[in-house]
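Inspection log for the structure reproduced underneath, given as structure tokens.
Quick note on labels: first sequence line is chain A, next is B, and so on, each numbered from 1.
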2 protein chains.
Amino acid sequence: VRNLKTSLIALAAMACMMSAQAEPLQVGDIGGFHIGGRRVTLSGLPVREVQIPGVPFPMRIDPNGDYVVEQMYVHYVKLAAPRARYPLLMLHGGGMTGVTWETTPDGRPGWQMYFLRRGYDVYVADAVERGRSGFAPPQVWTQEPIFPGAKGTWELGRVGPPGSYDSDGAKRTAFGDFPPEAFDQLMKQRVPSWGAANARAAMQAFDQLVQRICPCAVIAHSSNGPLAMRMALNAPDKVKALVVIEPSGALDPQAENAAKLRGVPHLWLWGDNLANDPVQSKVMPGSVRWRDALVQAGVTADWVELPRVGIAGNSHVMMMDSNSDQVAGVVQAWLERNGAMK
Amino acid sequence: VRNLKTSLIALAAMACMMSAQAEPLQVGDIGGFHIGGRRVTLSGLPVREVQIPGVPFPMRIDPNGDYVVEQMYVHYVKLAAPRARYPLLMLHGGGMTGVTWETTPDGRPGWQMYFLRRGYDVYVADAVERGRSGFAPPQVWTQEPIFPGAKGTWELGRVGPPGSYDSDGAKRTAFGDFPPEAFDQLMKQRVPSWGAANARAAMQAFDQLVQRICPCAVIAHSSNGPLAMRMALNAPDKVKALVVIEPSGALDPQAENAAKLRGVPHLWLWGDNLANDPVQSKVMPGSVRWRDALVQAGVTADWVELPRVGIAGNSHVMMMDSNSDQVAGVVQAWLERNGAMK
């Protein structure tokens with residue numbers, strides 16, 4: 001009888017999961033907006049003649065005059081009847097855009113859909129510098145952009161170990177959780193960025209966004225992890241929970257007042273194969289220090305290394321790995337434990 | 001009695017419209033993908049040290065090696081039960097991204113939501129060169145990018161007449177259909193582009209997209225109008241209808257076989273105040289020639305100047321004008337007449 005009961009419960013759970021996949025999502029609105037930005041005026045530049053695709057004659061372009069720069073694009077899907085207490089804001093990592101959270105490179109629903117199906121409104125940003133946020137003229141951003149190459153993407157993404165990238169796909173050694181056949185698709189998602197010169201502009205747009213759309217929970221990946229930590233510190237009344245996925249750094253407990261974050265539970269999430277990671281090997285001690293400072297200040301600051309809870313093999317882009325739903329489930333369970341659902 | 005009847009019909013129509021706005025949209029899937037692109041390999045470039053926002057130490061970047069370039073981002077919303085026979089593919093104009101079709105600059109639902117509510121699956125692309133499609137290193141795209149300024153946006157968008165832009169918003173003369181207080185928001189949507197050097201790459205990605213997602217109807221704005229015309233010519237079995245919104249050119253009837261398009265109805269849509277438009281004054285004769293060639297070849301080729309059907313004042317970005325729903329209604333009525341609905 002006991003086995004039957006277990007089987008029935010398992011069957012019911014399966015049926016429930018399958019219907020969650022198949023049922024239409026009840027959507028109230030889909031849209032986007034740009035936030036932040038400032039006007040700049042250029043002068044003294046020569047007029048150019050340029051050929052625009054689709055325009056059958058050269059256009060005379062006078063580059064002098066007013067521009068708007070450093071704005072940030074935000075996409076949203078609002079449910080007709082969210083079951084969560086507040087929306088999720090998802091922030092991608094370096095050299096990436098909000099596409100990070102959409103369909104995975106191997107074609108499965110990503111975290112945007114996962115959390116929509118669990119009842120959250122979902123906001124996804126393209127941080128300043130990239131994607132639909134555009135970028136500023138070289139007179140404003142004077143650094144050269146950095147283009148993300150395949151070798152760096154393979155190694156920093158921990159698709160495979162350092163030194164294992166090869167131009168010939170058949171000769172690459174992959175760890176395996178990120179599907180290696182989808183690596184080209186991951187490469188197509190990568191975009192240039194300008195470096196730290198614009199960190200202040202990015203931060204300003206993030207802070208404005210929090211004031212506009214929160215209370216919310218924030219999920220931030222990699223290089224936007226430290227910026228999300230500061231978003232929480234700048235608006236602890238608005239950021240109700242913070243999940244950082246392998247952040248590339250943390251705040252300095254000597255410089256910041258961790259106690260301000262008492263109402264903001266934090267979750268650090270780590271994948272596998274981190275031992276030789278060229279970023280984490282340098283920044284992990286700082287992350288530990290900030291986590292410890294939060295704990296000492298009475299802030300909920302949880303630290304989950306996935307291999308220690310029985311989930312092995314995850315890459316740096318765990319929201320795209322073969323088990324991306326399983327990892328999302330860890331985040332969702334933590335959010336629920338911290339009061340995210342109505 | 002007649003008045004009462006009219007009032008009742010008006011009331012019923014209003015109630016129906018209101019419920020169409022309020023009812024949840026039944027969505028099957030929301031996602032995206034990148035299509036097209038090619039691998040390039042760079043060599044002989046110096047290694048750089050760069051500071052990445054969120055990374056607390058300089059990163060050593062070796063720019064040599066493999067990159068993927070000239071891919072195109074496509075976003076989609078699929079309904080649980082589309083009432084249309086095929087999806088819509090929406091292509092923005094020059095210096096713009098797919099954001100063109102999302103929430104209008106003054107904050108109302110744009111054409112993406114309009115057509116979703118009418119029962120179409122909607123695909124929105126960021127053409128090669130821009131937005132979430134990224135851009136290639138200067139070794140691959142050797143031209144300098146063109147940054148869209150405020151004056152050019154004001155004039156080419158026909159927000160106001162030529163010469164009427166002023167840095168001081170209070171001193172600008174607007175035609176009025178595009179809400180002038182939303183002009184800054186429109187500026188935030190604008191992105192750089194590289195000019196005609198990449199027209200072939202853009203066309204390749206468009207052609208691949210048609211093969212992947214069509215049969216479909218295509219709605220193309222401005223500079224992507226001529227490219228959409230070629231998409232139809234390259235796949236007349238796949239493109240079931242084509243709507244071009246103030247295209248910046250057309251195909252050459254001497255060079256192309258218009259008869260191939262017999263199964264592909266075309267609609268040209270024009271706004272108001274076109275007399276002094278710096279692009280259309282040059283390219284309109286070519287558009288008329290291609291339309292005439294289509295008509296002579298037995299292709300449905302309709303030409304709607306909105307002021308002639310009682311809709312006055314529209315700008316070049318009519319999908320964002322105050323009456324954007326009314327203009328969308330003209331497109332929807334035409335699509336229906338041409339068999340778009342089940």
Side-chain angles (χ1 to χ4, degrees), chain A residues 24-28 30-34 37 50-57 61 63 65-68 71 73 77 80 94 97 99 102-103 109 113 131-132 134-135 137 146-147 149-151 167 184-185 187-192 195-196 198-199 202 223-227 248-249 279 282-283, chain B residues 24-28 30-34 37 50-57 61 63 65-68 71 73 77 80 94 97 99 102-103 109 113 131-132 134-135 137 146-147 149-151 167 184-185 187-192 195-196 198-199 202 223-227 248-249 279 282-283:
Chain A
L25 195 65
Q26 308 285 315
V27 170
I30 302 171
F33 56 87
H34 285 77
V50 292
Q51 196 76 49
I52 312 274
V55 181
F57 60 90
I61 303 278
D66 297 340
Y67 293 80
V68 176
Q71 65 276 24
Y73 170 73
V77 181
T97 70
V99 172
E102 296 184 348
T103 314
M113 275 305 281
R132 290 171 162 184
F135 58 96
I146 307 147
F147 292 84
K151 181 170 179 288
S167 287
D184 265 12
Q185 197 63 29
M187 280 308 300
K188 293 181 188 183
Q189 296 189 6
R190 303 222 63 193
V191 293
N198 305 319
S223 71
N224 275 324
L227 279 73
S248 61
V279 172
K282 295 189 189 178
V283 301
Chain B
L25 195 66
Q26 307 286 315
V27 169
I30 302 171
F33 56 87
H34 285 79
V50 291
Q51 196 75 49
I52 311 274
V55 181
F57 60 90
I61 303 278
D66 297 339
Y67 293 80
V68 176
Q71 64 276 26
Y73 170 73
V77 181
T97 70
V99 172
E102 296 184 349
T103 313
M113 275 304 282
R132 291 172 162 184
F135 58 97
I146 306 147
F147 292 85
K151 182 171 179 286
S167 286
D184 265 12
Q185 198 61 31
M187 279 309 300
K188 292 180 188 183
Q189 295 189 4
R190 303 223 63 194
V191 293
N198 305 319
S223 69
N224 274 324
L227 279 72
S248 61
V279 172
K282 294 189 189 178
V283 302

Heavy-atom contact with chain A under 4.5 Å, split by part of [X]:
{"X": "Ser167(B)", "answer": "both"}
{"X": "Ile146(B)", "answer": "both"}
{"X": "Ile30(B)", "answer": "both"}
{"X": "Phe57(B)", "answer": "side chain"}

Glu102(B): side-chain hydrogen bond (donor to acceptor under 3.5 Å, both in side chains) partners, not counting sequence neighbours: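 Per chain and number, Glu102(B) pairs via side-chain hydrogen bond (donor to acceptor under 3.5 Å, both in side chains) with Tyr73(A), Arg132(A).
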Top contributor to chain B contacts, counting heavy-atom pairs under 4.5 Å, from Gly134(A), Gly94(A), Gly249(A), Ser223(A):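 Top option by heavy-atom pairs under 4.5 Å: Ser223(A).
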Heavy-atom pairs under 4.5 Å with chain B, option from Ser248(A), Gly31(A), Pro56(A) with the top count: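 Of the candidates given, the most pairs with chain B belong to Ser248(A).
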What part of [X] lies closer than 4.5 angstrom to a heavy atom of chain B: side chain, backbone, both or neither?
{"X": "Met113(A)", "result": "side chain"}
{"X": "Asp66(A)", "result": "both"}
{"X": "Val50(A)", "result": "side chain"}

Plane angle bin for Phe135(B) and Phe147(A) - parallel if under 30°, tilted between 30 and 60°, otherwise perpendicular: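 Perpendicular, since the angle between the ring planes exceeds 60°.
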Which one of [options] has the most heavy-atom pairs closer than 4.5 Å to chain A?
{"options": "Ala202(B), Gly131(B), Ala150(B)", "value": "Gly131(B)"}
{"options": "Val283(B), Ile61(B), Leu25(B)", "value": "Leu25(B)"}
{"options": "Gly32(B), Gly65(B), Ala80(B), Pro226(B)", "value": "Gly32(B)"}
{"options": "Met187(B), Gln185(B), Lys188(B)", "value": "Lys188(B)"}
{"options": "Gly225(B), Gly149(B), Pro63(B)", "value": "Gly149(B)"}

Test side-chain contact (heavy atoms from CB on, under 4.5 Å) applied to His34(B) and Val99(A), step by step: CA-CA 10 Å; His34(B) 285 79; Val99(A) 172; 3.9 Å; yes
